[in-house]
Amino acid sequence: MSGMQTPAEHGAPADGRAFRRALGQFATGVTVIGTVHEGRGYAMAANSFSAVSLEPPLVLWSIRKESKSAPAFTSSGHFSINVLEEAQTAVSNALGRSHEDPLSQVDWSAGVHGDPLLSGCLAQFECTTESVVDGGDHHILVGRVERFARFEGKPLLFAQGEYGWLGRRSDTGSSQLAAAPSEEMLFMSLLRDAEQHMSTLFDSYRRQLGLTPTATRILNHLAHSSDTVEGLQRSTPIAPQAIDDSLAELMQAGLVNRAATGTWSLTEQGLARRASLRKGAEEFTARQLDNIPANDLAAAERVLAALCGR
Ligand SMILES: Cc1cc2nc3c(=O)[nH]c(=O)nc-3n(C[C@H](O)[C@H](O)[C@H](O)COP(=O)(O)O)c2cc1C
């Protein structure tokens, strides 16, 4: 065993944001769960979904007791679970916040119990409610799956308050490629390895500056143009709650300001922090490229630009 790691944050869960950030280290997919109750449709983004049992076929998820749709979900007796596909971040954002008529925002058709089945998903499970269990400030809903459908595609991922996409799967790493190298595969794997290596190095560098990747993304975006929360949602991979949390923290630190119109912008201090971040990033990149001859670098830049179609 190596020495003890120093945690980035620790303590009692009473510090809500830090506790949520620790929980957010567990990566999940994203689902939209829907139901129909007394003639009205409900749907919300949820990442608390989990498989429970194969025989009988049970799944679970949990809903905040304060959610406006909680009474509908705990009373309707049935719900549908839609597993989102990698291109569906906008669906998750749209159904991840309160909305008068959430289903008006998406394409869907009705399942056996009338519950919404969304277009473009990776999997759908139609359930009857097996039990509703008390779970603190959440209700845990256990569903019995009656029907399912699976579609081809890749899942939308969710971790650390941000959406993500499947990159390199663990079984296609370079060790496997080393066993069966082909020129083409080697090149693709080099590209991926270089990107991963650089971003891992940069992540640890950025952590030393005391900024999370999410906070950095927000600073970068607002440095370009002031924007609303909705604009940030559209232009970054950050989920709604994490945008709220991060903006609150950046405001506490005096780095961002909110105008009466709801538009967020950087303060003088925020602009200065962003400028030093940028300078740091440039110095960091220069250090990484220090030992590479200028000719090689120029050739690599041409190849990469050509691969990006530029
Ligand atoms: C990625 C993601 C995952 C979420 N997971 C859950 C969840 O598991 N349970 C929950 O109650 N809310 C979850 N939410 C928040 C709800 O979607 C949100 O509170 C709901 O849409 C608000 O609806 P309401 O009007 O019923 O309160 C999640 C939101 C996002 C963006």
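As the structure is a prediction and not an experimental result, all values here were calculated from the model. Positions are given from 1, in the same order as the sequence printed here.
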One thing to verify: whether R144 and E130 come together as a salt bridge, which I'm taking to mean a side-chain N less than 4.0 angstrom from a carboxylate O. yes

Between R278 and E282, does any NZ, NE, NH1 or NH2 come within less than 4.0 Å of an OD or OE carboxylate oxygen? yes

Flag the pair R21 and E9 as a salt bridge only when some basic side-chain nitrogen lies within less than 4.0 angstrom of an acidic carboxylate oxygen. yes

Between R64 and D137, is there a side-chain N and carboxylate O pair less than 4.0 Å apart? no

Distance, nearest 0.5 Å, that separates OG1 of T89 from CZ of R234: 12.0 Å

With no hydrogens and no angle check, do the side chains of T212 and T214 hold a donor and an acceptor under 3.5 Å apart? no

Spell out, yes or no, whether V145 and I63 are grouped together once hydrophobic residues are joined by side-chain heavy atoms under 4.5 Å, including indirect joins. yes

May I ask you to check whether R97 and Q233 show a side-chain donor-acceptor distance below 3.5 Å? yes

Which residues pass the salt bridge (charged side-chain N to carboxylate O under 4.0 Å, His left out) test with R217, sequence neighbours left out? E162

E86 and K154: salt bridge (charged side-chain N to carboxylate O under 4.0 Å, His left out), yes or no, with the steps? CA-CA 6 Å; E86 63 180 2; K154 286 187 185 173; 5.0 Å; no

Which atom of H221 lies closest to which atom of S235, heavy atoms considered: CE1-OG, 3.2 Å

Just say parallel, tilted or perpendicular for the rings of F125 and F49, cut-offs at 30° and 60°. parallel

Could you check whether K279 pairs with E283 (Lys NZ or Arg NE/NH1/NH2 to Asp/Glu carboxylate O, under 4.0 Å)? yes

Closest heavy-atom pair, W165 versus P237, reported as atoms and distance to 0.1 Å, is CH2-CB, 3.9 Å

Other residues, nucleotides and ligands only: do more than 12 of their heavy atoms fall within 6.0 Å of CG on N291? no

Do L222 and D227 have side chains that get closer than 4.5 Å, going by heavy atoms? yes

If I take atom CG from residue L255 and atom CZ from residue R273, how far apart are they, to the nearest 0.5 angstrom? 5.0 Å

Side chains of H78 and E146: donor-acceptor distance under 3.5 Å anywhere? no

Rounded to the nearest 0.5 Å, what separation is found between the CG atom of L266 and the CG atom of N257? 9.5 Å

Linking I/L/V/M/F/W/Y whenever any side-chain heavy atoms sit under 4.5 Å apart, do V30 and M44 land together? no

Grouping I, L, V, M, F, W and Y whenever their side-chain heavy atoms are under 4.5 Å apart, do I81 and L122 come out in a common cluster? yes

Straight-line distance of S48 OG to H138 NE2, nearest 0.5 Å: 6.5 Å

Does V83 share a hydrophobic cluster with Y42, counting links as ILVMFWY side-chain heavy atoms below 4.5 Å and allowing steps through other members? yes

Is a donor on one side and an acceptor on the other found under 3.5 Å between the side chain of Q88 and the backbone of E85? yes

When every non-hydrogen atom of I238 is compared with those of A242, the smallest separation belongs to CG2-CB, 3.6 Å

Euclidean distance, S69 OG relative to L95 CG, rounded to 0.5 Å: 10.5 Å

Which ILVMFWY residues can you reach from L23 by hopping between side chains whose heavy atoms are under 4.5 Å apart? F19

Treat each ILVMFWY residue as a node, draw an edge where side-chain heavy atoms are under 4.5 Å apart, and state whether V59 and F73 are in one component. yes

Going by distance alone, is a donor N or O of one side chain under 3.5 Å from an acceptor N or O of the other, for D134 and H139? no

Min side-chain heavy-atom separation I218-T236 under 4.5 Å: no

Strictly under 6.0 Å, is that where the ring centroids of F202 and F284 end up? yes

Looking at K68 and E66, does any basic side-chain N land under 4.0 Å from a carboxylate oxygen? no

